Each structure stands twice: as C-alpha cells, then as structure tokens.
Engineer: 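So that we are looking at the same thing, I have put the structure below in structure tokens.
As a basis for the values below, the full set of heavy atoms in this structure was taken, side chains included, without hydrogen atoms, waters or symmetry mates. Quick caveat, the model's predicted, so the values are computed rather than measured. A note on names: the letters A, B, ... follow the listed sequences, proteins ahead of strands, and every chain is numbered from 1.
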Protein chains: 2
Amino acid sequence: MSSAKSREALVQELEEAMRRSSAQGVMYGQAVAEVAGISNSDMECMDILLLEGRVTAGRLAEVTGLTTGAITGVVDRMEKAGYVRRERDESDRRKVFISVIEEKAAEIGKFYVPMQEAMLKVWSSYTEDELRLLLRFANDGHKGVLEATAALKSVIDTPPEQRAKLKMPPKSRR
Amino acid sequence: MSSAKSREALVQELEEAMRRSSAQGVMYGQAVAEVAGISNSDMECMDILLLEGRVTAGRLAEVTGLTTGAITGVVDRMEKAGYVRRERDESDRRKVFISVIEEKAAEIGKFYVPMQEAMLKVWSSYTEDELRLLLRFANDGHKGVLEATAALKSVIDTPPEQRAKLKMPPKSRR
DNA sequence: GCCTAATATCTTATAAACTAAGATAATTAG
DNA sequence: CTAATTATCTTAGTTTATAAGATATTAGGC
C-alpha cells in the first residue's frame, strides 16, 4: 500500500495542513505579545533583536517594512519599558544601534516556553532518522519561503503597467 | 554511527530552523497584504474565510482576538472592496455569516502562487513516504501549537502572584 | 404569553500606532 | 567648501483598534 493516497492528493493535504499550522503559529505570536503587554510590531522587532543581537533603527525598518518614523515609536516604547537601549555609533554618529537588555528580555523568552514544550513533546514521538528528515525539510522550506518572498516583492517593485503578468526573475535590490 | 548528531543537538537545530522559517512565513503574509493593498487583520480574516468558507462575525472575533467592534470594521472594508458578503442567518437572525465572493477572492489567491510554486518545488525532491511523514508532522505540529496557545492563554488568567516563575528552556547557544 | 437574561452585532467616542513629508544632523563626494 | 546623501526623528493627519453601550433577537422561568 505504498500509494493509498496519490502523490497529488498528498501534496494538497500537505499544503492545507501547513497553512493551518502556520496560521496557528501566527496566533501564538499574537498571544505572546498580548501576555507580554506589548504590540505586535514591538514583538516582531524584539524577535529580530533577539536573533541578531544589535541592529540599527534603519535595519529594523527595512526588515519589518515599517517606516523609519514608526520604528522611532517602536524603539521609544521598548526603551521606556526597559527592553532595549539606544547606542549611537561612535564611528558614524548618524546611526543608532538598538541593543537588547538581556535580563529584561528574558522575561519575554519565558512566554515561548509552552511552545517549546509542545514541540519537544511532538518531536519525542519521532525517530532520529525522522527528525533528520524534518530538519532537512525545515531548511529546504526556509529557502523556499525566502525565494517566494523575493518573487512576490519583485511584483511590488514592478511599475503597474508592467505588472500585468507576473514573472519570477528575482530583481537584485539595494 | 546511527547518531552523527546527538538527538539533543538535532532537536535544537530543528527548533531554530523552524523558528526562522516560520518568521519568514509571517513576513510573506505581510508582503501579500501589502501587494493586495489590504491590512494585516483583513488579510488574516480572509485566510480564515478561505479555509472555513462561511463564518459568523463573532467567530472571526474569537479566532483573531479582535473585539466584535473591530470585526465590524474589517467586514465593512472587505465588503466594500467586494471580497465578502454579509448573510443574516434565517434561523437565528442575530447572527451574520460572512461568506467569500470567490471570483474576487481569487485575485488575492494569486499572490500565494509564488509560495505554492516554491513549496511544490521543495516537495518534488521528496519521496511519497517522506511526504507522508511531513504530513504527519504538520498535523502533529498543529495540535502542538494549539496546545501551546491554550497553555499560554491560561497564564493570562493566572493571578500575577502565582505567575512568578515559569520554567526557562535549556539555554540555547548560538 | 410576558418579562428578564443572554447572545450577536453594530455604533460611538476615544486612543494607539501608522504613514508621508519634511526637519535635523552627520557623512561623503566633487 | 558646498552639494548630495544617509540615518534618524518630528509633526500632522489617517487608519484601525478598544471600551462601553445601543439595538435587535432568542431563550428560559413563571
């Protein structure tokens, strides 16, 4: 019974299942923001900061897609709440680095514990070989999403006249 | 030699890889909303509608975590833009079902094409047995995230005195 | 059947957070 | 040195959210 389901049906089920669980993942993030008492955008910036450590205001704007003005607001709020600190770059004094204050940020990290525990529980029912496959998929998937994001964004940058039918050559920016 | 990587290391890598790709997934969603010219919340509601087909305003509020007043606004905007239509339930005339207008919704669906293509490309490099494993994981994962969301929300309802310490995850080294 | 409570959505006033445009300040190039 | 560029912040106005309560419908107890 190697084909109880056709490959096509399998792929379709996969698509739907992935969509559902990623939607639920988004909602988890919102719930964390709510419990932590900070806005969604602030939370997203914290995530970036926790991953990259020390980032300029401009890069936050770039990554989140917010305007620099909005980022000023985000950083004001997070600084006031004690999560981050502004540090002017001494070699280029226009730049402002935002850096995480670890002790305070750890309070937020706690809210990810239920998620980590749930995932550990799920993974505990898989063999090591299966986990290796999942890891391969997570990495392949990440690359795929990056690719898709680039393809989609090239649509944004295409002037409306030319936008009629979408093509995929990723346009190099910056 | 069945463990080139220890199970623990594997799980940790998985955790990080999943976090990265889901963060990228969130960004894809934002990009779609931007290209489609509708807000993030509106987009989220559209996603729910596309999945469930026909949903009451109250359920949208429940699922998204927005107030019913905010949902009124969301539906007003989407109705005005022609994506959905309000339908009063004849058997309980307090209820308002929101249902998708397929032809118009397809315009949004088109922005998911780059993502679908990227995923198809990824999946094409897996065997059917492997796809079945991925499907199992997607479903298990969804259940896990639901569980985690519930666990997190129970923290909201816990009085602050008892909320003091949650277990921290095993310190992740990067 | 009638009154009260509960449910589902919408309305209003107000607040939060965003954008667009432009001000400020520092750096780089000619 | 001056002009152009870069990075962030400020301001005015808009969008989208909340909280509280209005409106309309249904359900339950007597």
Engineer: Near DNA chain C, under 4.0 Å by heavy atom, which residues of residues 59-77 of chain B?
Structural biologist: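 Within this stretch, B:Thr68, B:Gly69, B:Thr72 sit under 4.0 Å of the strand.
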Engineer: With sequence neighbours left out, what residues match B:Tyr126 under side-chain hydrogen bond (donor to acceptor under 3.5 Å, both in side chains)?
Structural biologist: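 Listed in chain order: A:Asp140.
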Engineer: Which residues pass the salt bridge (charged side-chain N to carboxylate O under 4.0 Å, His left out) test with B:Asp89, sequence neighbours left out?
Structural biologist: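 Scan of B:Asp89 (salt bridge (charged side-chain N to carboxylate O under 4.0 Å, His left out), adjacent residues dropped) gives none.
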Engineer: Check side chain to side chain contact (heavy atoms under 4.5 Å, CB included) between B:Thr127 and all other residues, then give those that pass, not counting sequence neighbours.
Structural biologist: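 B:Asp129, B:Glu130.
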Engineer: Taking side chain to side chain contact (heavy atoms under 4.5 Å, CB included) as the test, write out the residues that go with A:Thr72, two or more places apart.
Structural biologist: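 For A:Thr72, the residues satisfying side chain to side chain contact (heavy atoms under 4.5 Å, CB included) (neighbours in sequence not counted) are A:Asp76, A:Arg86.
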Engineer: Report the residues that fulfil side chain to side chain contact (heavy atoms under 4.5 Å, CB included) with B:Asn139, sequence neighbours left out, ordered by chain and then residue number.
Structural biologist: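 Per chain and number, B:Asn139 pairs via side chain to side chain contact (heavy atoms under 4.5 Å, CB included) with A:Ala17, B:Leu135.
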Engineer: Hydrophobic cluster membership, with links at side-chain heavy-atom distances under 4.5 Å among I/L/V/M/F/W/Y: are B:Phe97 and B:Val63 in one?
Structural biologist: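 Unlinked, B:Phe97 and B:Val63 end up in two clusters.
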Engineer: Among all residues two or more places apart in sequence or in another chain, which pass the side-chain hydrogen bond (donor to acceptor under 3.5 Å, both in side chains) test with B:Thr149?
Structural biologist: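 For B:Thr149, the residues satisfying side-chain hydrogen bond (donor to acceptor under 3.5 Å, both in side chains) (neighbours in sequence not counted) are A:Gln24.
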Engineer: Taking side chain to side chain contact (heavy atoms under 4.5 Å, CB included) as the test, write out the residues that go with A:Ala23, two or more places apart.
Structural biologist: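 Per chain and number, A:Ala23 pairs via side chain to side chain contact (heavy atoms under 4.5 Å, CB included) with no residue.
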Engineer: Using a heavy-atom cut-off of 4.0 Å to chain A, what are the terminal contacting nucleotides of DNA chain C, in 5' to 3' order?
Structural biologist: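 Extent of the interface on DNA chain C: C:dA17 to C:dT27.
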Engineer: Could you write out each protein N or O paired with an N or O of nucleotides 4-7 of chain D at a distance under 3.5 Å?
Structural biologist:
from	atom 1	to	atom 2	distance (Å)
D:dT6	O4'	A:Arg94	NH1	3.3
D:dT6	O2	A:Arg94	NH1	2.9

Engineer: Just to verify, what does B:Glu87 make a side-chain hydrogen bond (donor to acceptor under 3.5 Å, both in side chains) with, not counting sequence neighbours?
Structural biologist: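 B:Glu87: side-chain hydrogen bond (donor to acceptor under 3.5 Å, both in side chains) contacts with B:Arg54, B:Arg85, B:Ser99.
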Engineer: Round to a whole Å and report the spacing from CE of B:Met43 to P of D:dT15.
Structural biologist: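 Atom-to-atom, B:Met43 to D:dT15, this comes out as 20 Å.
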Engineer: Residues two or more places apart in sequence or in another chain: which of them pass side-chain hydrogen bond (donor to acceptor under 3.5 Å, both in side chains) with B:Lys143?
Structural biologist: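 Result, side-chain hydrogen bond (donor to acceptor under 3.5 Å, both in side chains) vs B:Lys143: none returned.
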